[in-house]
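Please read the structure below before turning to the comments.
FYI, the numbering just counts along the sequence from 1. Remember, predicted model here, so these are calculated numbers, not experimental data.
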Amino acid sequence: MNEAIAPQQIEILFEIASQPGLTQQELANRTGMALSSISRNLMALGEWNRSGKPGLSLVETADDPNERRRQIAFLSPKGGALCAVFLSN
């Protein structure tokens, strides 16, 4: 992987890996990060960052089936593979 990944993003990845389907608020509660930071980092970890440039494609989001205004986060196949590499070392 050639892209840089920030420590906050690694923390978010591991939280999502430990419990797929977390909302932004749940991620903020678990990490102690502000909602704005969670949102920004999820965009960077997703397909497109907030500048409209390609993201890292490690996380996918979907509408929460219980509350359509919320998004829930899951690891993409690439994100799952990266977490597996981290955990194997």
Side-chain angles (χ1 to χ4, degrees):
M1 181 170 165
N2 295 331
E3 300 95 349
I5 185 165
Q8 285 184 327
Q9 294 168 346
I10 293 170
E11 184 176 2
I12 291 169
L13 278 178
F14 283 135
E15 289 297 337
I16 295 169
S18 72
Q19 187 174 346
L22 291 171
T23 66
Q24 289 186 14
Q25 183 63 59
E26 290 168 331
L27 284 166
N29 292 344
R30 287 170 164 248
T31 63
M33 294 180 210
L35 275 173
S36 59
S37 181
I38 294 293
S39 177
R40 182 177 58 253
N41 281 297
L42 281 177
M43 288 188 75
L45 290 167
E47 189 175 354
W48 299 101
N49 68 25
R50 66 183 178 157
S51 301
K53 296 180 181 176
L56 298 173
S57 297
L58 300 173
V59 171
E60 299 172 350
T61 58
D63 289 337
D64 184 337
N66 299 318
E67 174 61 62
R68 290 183 39 193
R69 293 176 287 174
R70 277 193 308 222
Q71 296 281 304
I72 52 178
F74 300 91
L75 294 182
S76 68
K78 182 179 174 184
L82 180 62
C83 283
V85 168
F86 279 134
L87 295 173
S88 69
N89 289 328

Look at the side chain of Gln9 and the backbone N and O of Ala6, then say whether any donor-acceptor pair between them is shorter than 3.5 Å. yes
Going through the checks in order, is the side-chain contact (heavy atoms from CB on, under 4.5 Å) test met by Leu42 and Leu27? CA-CA 10 Å; Leu42 281 177; Leu27 284 166; 4.1 Å; yes
Distance (rounded to the nearest 0.5 Å) between Phe86 CZ and Ser88 OG: 10.0 Å
Please report the interatomic distance CZ(Phe14) to CG(Leu82), rounded to the nearest 0.5 Å. 7.5 Å
Nearest-0.5 Å distance, CG of residue Asn49 to CZ of residue Arg40: 11.5 Å
Roughly how far, to the nearest 0.5 Å, is CG of Asn29 from CD of Glu15? 10.5 Å
Could you go through the side-chain contact (heavy atoms from CB on, under 4.5 Å) check for Met33 and Glu11 one step at a time? CA-CA 10 Å; Met33 294 180 210; Glu11 184 176 2; 3.4 Å; yes
Value rounded to 0.5 Å, distance of CG in Asp63 from CD in Gln71: 5.0 Å
Which value, rounded to the nearest 0.5 Å, describes the distance between Ser76 atom OG and Leu56 atom CG? 9.5 Å
Heavy atoms of Ala62 and Phe74 approach each other most closely as CB-CE1, 4.5 Å
Tell me whether Val85 is reachable from Ile16 by hopping between hydrophobic residues (I, L, V, M, F, W, Y) whose side-chain heavy atoms are closer than 4.5 Å. no
For residues Ile12 and Leu22: do they belong to one hydrophobic cluster (side chain heavy atoms under 4.5 Å, members Ile, Leu, Val, Met, Phe, Trp, Tyr)? yes
Taking all atoms of both residues into account, what is the closest heavy-atom pair of Leu45 and Leu13, and its distance? CD2-CG, 4.3 Å
Kindly determine whether Leu58 and Ile5 satisfy side-chain contact (heavy atoms from CB on, under 4.5 Å), including the steps that lead there. CA-CA 10 Å; Leu58 300 173; Ile5 185 165; 3.7 Å; yes
List the atom of Asn41, the atom of Gln8, and the distance in Å for their closest heavy-atom pair. ND2-OE1, 3.3 Å
Correct closest heavy-atom pair for Ser57 and Glu47 would be OG-CA, 3.9 Å
Scanning both residues in full, the closest heavy-atom pair of Asn66 with Asp64 reads N-OD1, 2.8 Å
Taking all non-hydrogen atoms of both residues, which atom of Ala73 and which atom of Val59 are closest, and how far apart? CB-CG1, 4.1 Å
Note, Ser51 side chain near Met43 side chain (heavy atom, < 4.5 Å): no
